[in-house]
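Side-chain atoms are counted along with the backbone in the values below, which use heavy atoms only and exclude waters and symmetry mates. Please read these numbers as outputs of a predicted model, since none were measured by experiment.
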Amino acid sequence: MNLLPRFVSHWLFLVIAFLTGPAVAQQFNCDDLAHIEINAPDDSMISDICTASGKAIVFLNKYHLQPKRVIKIEIVEGAIDKHGYAAYGSYDRQGDLIQILSLPSILKSSASPQMYDEPFDREHYHGAIAHEITHAIFQHNTENVKEQLTNAAQEYLAHSTQMAVLSAERRSRIIAGNNFGPWESGDSISVTYMGLNPTGFAVKSYLHLTQSDDPQPFIKLLLKNNWFFISVP
């Protein structure tokens with residue numbers, strides 16, 4: 001039996017697989033953001049990551065929330081599984097690592113990907129990045145909380161930031177298209193409500209935060225929250 005053809009075919013397969021396999025991740029940094037470190041197969045999404053991260057950091061700085069250490073961001077091609085459902089991004093507090101799909105991956109993830117009841121586009125991509133950056137900075141500022149029993153506090157701030165980095169025109173359109181006011185005294189902010197109405201949750205959270213005369217007491221409440229919901233004072 002002549003094994004040479006089979007050997008040659010196998011060798012060629014390995015060479016082709018090596019040449020066409022996934023690109024090796026490279027490390028990138030943002031010029032003006034010392035706390036952001038990006039791993040990506042190429043630089044196609046770096047400008048978007050840096051721009052969105054910078055907007056999120058500037059917004060959160062208004063509330064005296066800053067990154068305390070390097071935030072690692074990994075750009076993913078394919079899919080991100082988050083507790084059994086496909087997500088555009090995720091944050092792992094153990095490794096201080098954000099994973100975010102590339103914009104082309106999101107646009108190919110379904111026939112009509114959406115965010116806040118709108119078609120997903122580059123501007124919403126910046127919002128998604130800012131959302132995950134907020135989770136990281138939130139965690140950096142809750143050093144004394146060993147366990148978060150709920151994501152309600154984090155999601156309130158993450159969705160507020162996500163809305164904040166959108167253009168004023170886009171944000172006004174989303175707010176006008178959803179007849180919701182801010183959270184009011186006695187309301188319960190919960191992930192259950194967010195799951196049922198994510199756009200309403202985002203609008204109510206953004207309006208509540210940005211219309212407050214003195215938001216810092218509520219920010220402190222968020223950072224020490226360790227329950228399944230937040231009762232609005």
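Cluster annotation: L221 and Y206 are assigned to the same hydrophobic cluster (Ile/Leu/Val/Met/Phe/Trp/Tyr, side-chain heavy-atom contacts under 4.5 Å, transitive). Put simply, I73 and V58 are part of two different groups of oily side chains (I, L, V, M, F, W, Y) that touch within less than 4.5 Å, one to the next. One hydrophobic cluster, built from ILVMFWY side chains closer than 4.5 Å, holds both I98 and I129. L97 and V76 fall into different hydrophobic clusters, where Ile, Leu, Val, Met, Phe, Trp and Tyr residues are linked whenever their side-chain heavy atoms come under 4.5 Å apart, directly or through other members. When hydrophobic clusters are built by joining Ile, Leu, Val, Met, Phe, Trp and Tyr residues whose side-chain heavy atoms come closer than 4.5 Å, directly or via intermediates, M163 is grouped together with L157.
A pairwise comparison of heavy atoms in A56 and V165 identifies N-CG1, 4.0 Å as the closest pair.
Counting only distance, with no hydrogens or angles, the side chain of S160 and the backbone of S205 share a donor-acceptor pair below 3.5 Å. The backbone N or O of A52 lies less than 3.5 Å from no partner atom in the side chain of Y125, so there is not a single donor-acceptor pair. Checked by atom type and distance alone, the side chain of E123 pairs as donor or acceptor with a backbone atom of S167 at under 3.5 Å.
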Test log, rule side chain to side chain contact (heavy atoms under 4.5 Å, CB included), inputs L222 and T142: CA-CA 9 Å; L222 295 177; T142 55; over 6 Å; no
Pair F180, T199 - check side chain to side chain contact (heavy atoms under 4.5 Å, CB included), show working. CA-CA 10 Å; F180 296 104; T199 304; over 6 Å; no
For the pair W183 and Y193, evaluate side chain to side chain contact (heavy atoms under 4.5 Å, CB included) and give the outcome as yes or no after the intermediate values. CA-CA 12 Å; W183 297 108; Y193 184 96; 3.8 Å; yes
Could you walk me through whether Q154 and Q139 satisfy the side chain to side chain contact (heavy atoms under 4.5 Å, CB included) test, starting with their C-alpha distance in whole Å, then the side-chain angles of each, then the deciding distance to 0.1 Å, before giving a yes or no? CA-CA 9 Å; Q154 294 188 49; Q139 191 64 40; 4.3 Å; yes
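Counted by atom type alone, Y88 and H131 present zero donor-acceptor pairs between their side chains at under 3.5 Å. When only modelled atom types and interatomic distance are considered, Q26 and D42 share no side-chain donor-acceptor pair under 3.5 Å. A donor-acceptor contact under 3.5 angstrom links the side chains of Y116 and Q162, judged on distance only.
Between the CD1 atom of I57 and the OG1 atom of T134 there is a distance of 9.5 Å, given to the nearest 0.5 Å.
Of the candidates E132, K72, E74, E74 is the only one forming a side-chain hydrogen bond (donor to acceptor under 3.5 Å, both in side chains) with Q99.
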